[in-house]
Amino acid sequence: MQSDFFRDVYEVVRLIPEGRVSSYGAIARYLGSAKSARTVGYAMNASHGLLPPVPAHRVVNRIGLLSGKHHFGEPNQMQNLLESEGIEIEIDQIKNFEKHFWDPNQELNL
DNA sequence: AAGGTGACAGTTT
DNA sequence: TAAACTGCCACCT
């Protein structure tokens, strides 16, 4: 059973459209806790195997770096999934990150 | 109950 | 300009 905070994080992450990515900080801000970006990542760590699935591969750090790729089953899993959605990646970093960036505050709350 | 950890972010050197 | 440090919140042992 997850805390409300975790559940909220998962809910937002599931709202990320395909071919789009978001950042931990953006999600944290959307939840009202701008400083809890690290906790968002922690929530992602626990998002494995829960239902419905959480597209954790669409969540990266603020510079578009696949910081959490190592936490997937296979390190290349995250990159593979993102490329599958049309996102180009170079050396664990998303190309045109700003173009693919999806900010919940901007898309949902606006 | 207290201390340590971390898939981050912002600030300072 | 790049690298390093500190702050931060929520979770875990």
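All figures in this text were calculated on a predicted structure; none of them were measured in a lab. Residue numbers begin at 1 in each chain, while the letters A, B, ... track the order of the sequences.
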Among residues 72-93 of chain A, which ones have heavy-atom contacts with DNA chain B below 4.0 Å?
A:Phe72

Taking transitive links into account, so neighbours of neighbours count too, which hydrophobic residues share a cluster with [X] at under 4.5 Å side-chain distance?
X	answer
A:Leu51	none
A:Leu81	none
A:Leu65	A:Ile63

Atom pairs and distances, side-chain donor-acceptor, residues 34-41 of chain A, under 3.5 Å, sequence neighbours left out:
| from | atom 1 | to | atom 2 | distance (Å) |
| --- | --- | --- | --- | --- |
| A:Ser36 | OG | A:Ser33 | O | 2.6 |

Would you please name every residue forming a side chain to side chain contact (heavy atoms under 4.5 Å, CB included) with [X], sequence neighbours left out?
X	answer
A:Asp4	A:Arg7
A:Ala46	A:Phe6, A:Tyr10
A:Ser23	A:Ala26, A:Phe101

Residue pairs passing the salt bridge (Lys or Arg N to Asp or Glu O under 4.0 Å) test where at least one lies in residues 68-85 of chain A, sequence neighbours excluded:
A:Arg58-A:Glu85, A:Lys69-A:Asp92

Could you give the start and end, 5' to 3', of the contact zone on DNA chain C for chain A, using atoms under 4.0 Å from its heavy atoms?
C:dG7 to C:dC12

What's A:His57 touching, base or sugar-phosphate or nothing? Going by heavy atoms closer than 4.0 Å.
nothing

Polar atom pairs between nucleotides 8-13 of chain B and protein, under 3.5 Å, N or O only, would you list them?
| from | atom 1 | to | atom 2 | distance (Å) |
| --- | --- | --- | --- | --- |
| B:dC8 | OP1 | A:Ser67 | OG | 3.3 |
| B:dC8 | N4 | A:Arg38 | NH1 | 3.2 |
| B:dA9 | OP1 | A:Gly25 | N | 3.2 |
| B:dA9 | OP1 | A:Arg62 | N | 3.3 |
| B:dA9 | OP2 | A:Arg62 | N | 2.6 |

Would you confirm whether A:Asn96, through its side chain, and A:Lys99, through its main-chain N or O, come within 3.5 Å as a donor-acceptor pair?
no

Please list all pairs passing the ring pair (Phe, Tyr, Trp, His ring centres under 6.0 Å) test where one or both residues lie in residues 66-90 of chain A, with sequence neighbours left out.
A:His48-A:Phe72

